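Numbers restart at 1 for each chain; the letters A, B, ... are given by sequence-line order, proteins then strands. For clarity, every value in this text was computed on a predicted model and none was experimentally measured.
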2 protein chains.
Amino acid sequence: MDDTPLGTQDLICFALYSANNAMNRLYRPLLAQLGLTYPQYLVLVSLWDRDGKTVGQLGAELGLESNTLTPLLKRMAEAGLVTRTRADADERVVVIALTDKANGLKAEVADLAACVFEATGLTLKDARRLRDQVFALRDAIEHRDTRAD
Amino acid sequence: MDDTPLGTQDLICFALYSANNAMNRLYRPLLAQLGLTYPQYLVLVSLWDRDGKTVGQLGAELGLESNTLTPLLKRMAEAGLVTRTRADADERVVVIALTDKANGLKAEVADLAACVFEATGLTLKDARRLRDQVFALRDAIEHRDTRAD
DNA sequence: ACCAAATATATCGTACACGATATAAACGTG
DNA sequence: CACGTTTATATCGTGTACGATATATTTGGT
């Protein structure tokens, strides 16, 4: 019927894709000064909220699985940022805990996050609204059976 | 002043990150049936709008550079989806053109895009508004001198 | 016409993401 | 208390992204 000549600039998925890439390009050099990557930064933020999460709990929060998290956490452990310990109660579980070195980065990371927020040019209110809309979109596509088979 | 105990769920960058990951997880199995990855899909959409773009033009549109595009386009060429030709006028430039095989995917890709849009659960109006807000955020962080030195 | 600077791709190394699969520990039902 | 099932993490291969760097072509000033 309609030819729907959709260009890349019309797609909401491309908006997310290119905005996420741009955000990474903004974060990368700042985090590199601290020896961190973006997902490693997320792990720190998550553990500063509550330390001692398991790999599975981190994955549930960040939307990642062990195939991504295990090597990432091993790199963080090698860098002296976290410890990886098998739980006593259940030997399958690995508990991730922050080191003093990681806790020492807290202030610098807070500055960096403020700097990034300022770069968005958004008011706190607008940022919250946009954030929640993006989360809602994520949840919509995550919890949907595509029924494509 | 304030300790701002920001968790991952408070960050707009994490909203973008996790929504983009979720979008990829939605697209991936659908595109895999057509032998495509997500950025390869973007290349097709871009070239369906106007065929015969150079690597640099594709990069400007998609926000990527030759370090990402060159291997990606080589894989697409190996898969028989595009041709890569040095321009006569300027031998530095590589022109990317669609093959018949790529054009044959147009209808299936259109179905797929419609399916993804439906999964967002958004009205056309809301999707456009959100898309433009996300693009605006991207442009804000892209065109800002972080002045972090 | 020469040659330094600019431009367009390409190459390389690192670190994600992810589907598929493997391994090992804990659990449950008989 | 055996043993199949479930659960938690790990491993592997592929394909991005990206900074840094390399290569090749073109351009511009003299």
TODO: For B/Asn21, report the nucleic acid contact type (base, sugar-phosphate, nothing); a contact means any heavy atom under 4.0 Å.
DONE: sugar-phosphate
Task: Separation of atom CG in B/Leu30 from atom P in C/dG19, rounded to whole Å - done: 12 Å
Open item on the list: Are the side chains of B/Phe14 and A/Tyr41 in contact, using a 4.5 Å heavy-atom criterion?
Closed with: no
- [ ] Spell out, yes or no, whether A/Tyr27 and A/Phe117 are grouped together once hydrophobic residues are joined by side-chain heavy atoms under 4.5 Å, including indirect joins.
- [x] no
Task: Single-linkage hydrophobic cluster A/Val95~A/Val43, side-chain heavy atoms < 4.5 angstrom - done: no
- [ ] Report the nucleotide, chosen from C/dA24, D/dC18, D/dA10, that has the shortest atom-to-atom distance to any side-chain atom of A/Arg92.
- [x] C/dA24
Task: Nearest listed nucleotide, side chain of B/Thr70, among C/dT9, D/dT25, D/dA17 - done: C/dT9
Task: A/Arg28 side chain near D/dA17 phosphate (N/O to OP1/OP2, under 4.0 Å) - done: no
- [ ] For A/Thr37, answer base if it contacts any base atom (sugar-phosphate contacts may also be present), sugar-phosphate if it contacts only those atoms, and nothing otherwise; contact means non-hydrogen atoms under 4.0 Å.
- [x] sugar-phosphate
Open item on the list: So, OP1 or OP2 of D/dA8: does either fall under 4.0 Å of a side-chain N or O from A/Gln57?
Closed with: no
- [ ] State the CD-CG distance between A/Gln57 and A/Leu62, to the nearest 0.5 angstrom.
- [x] 11.5 Å
Task: Check: B/Ser66 side chain, C/dA8 base, donor-acceptor under 3.5 Å - done: no
Open item on the list: Could you tell me how far apart B/Lys74 (NZ) and D/dT14 (P) are, to the nearest whole angstrom?
Closed with: 18 Å
- [ ] With DNA chain D as reference, determine whether A/Gly56 or A/Asn20 sits nearer its 5' end, using the nearest nucleotide of each.
- [x] A/Gly56
Task: Among D/dA10, C/dA10, C/dC16, the nucleotide that comes nearest once only the side chain of A/Leu72 is considered - done: C/dC16
- [ ] Establish whether B/Trp48 and A/Leu6 are linked, either directly or via other cluster members, by ILVMFWY side-chain heavy-atom contacts under 4.5 Å.
- [x] yes
Open item on the list: Students often get this wrong, so: under 4.0 angstrom with heavy atoms, is B/Tyr27 touching a base, only sugar-phosphate, or nothing?
Closed with: nothing
Open item on the list: I need the CG-P distance between A/Leu58 and C/dC16, as an integer number of Å.
Closed with: 14 Å
Open item on the list: Mind checking if A/Ala87 touches a base, just sugar-phosphate, or nothing, with heavy atoms under 4.0 Å?
Closed with: nothing
Task: Cluster link A/Val93 to A/Leu69, ILVMFWY, side chain under 4.5 Å - done: no
Task: Among D/dT9, C/dA26, D/dA17, the one nearest A/Asp90 by side-chain distance - done: C/dA26
Open item on the list: Classify A/Gly63 by what it touches in the nucleic acid, base, sugar-phosphate, or nothing, heavy-atom distance under 4.0 Å.
Closed with: sugar-phosphate
Open item on the list: For a quick test of reading the model: is some side-chain N or O of B/Arg25 closer than 4.0 Å to OP1 or OP2 of C/dC18?
Closed with: yes
TODO: Report which part of the nucleic acid B/Leu64 touches: base, sugar-phosphate, or nothing (heavy-atom distance under 4.0 Å, all strands).
DONE: sugar-phosphate
Open item on the list: Strictly below 4.0 Å: does B/Tyr17 bring a side-chain N or O up to OP1 or OP2 of C/dA17?
Closed with: yes
- [ ] Would you mind reading off the distance between A/Leu31 atom CG and D/dA17 atom C1', rounded to a whole angstrom?
- [x] 15 Å
Open item on the list: Strictly below 4.0 Å: does A/Arg86 bring a side-chain N or O up to OP1 or OP2 of D/dA10?
Closed with: yes
TODO: Select base, sugar-phosphate, or nothing to describe what A/Glu65 touches, counting heavy atoms under 4.0 Å on all strands.
DONE: nothing
Open item on the list: Regarding A/Asn67, tell me which of base, sugar-phosphate or nothing describes its non-hydrogen contacts under 4.0 Å with the strands shown.
Closed with: base
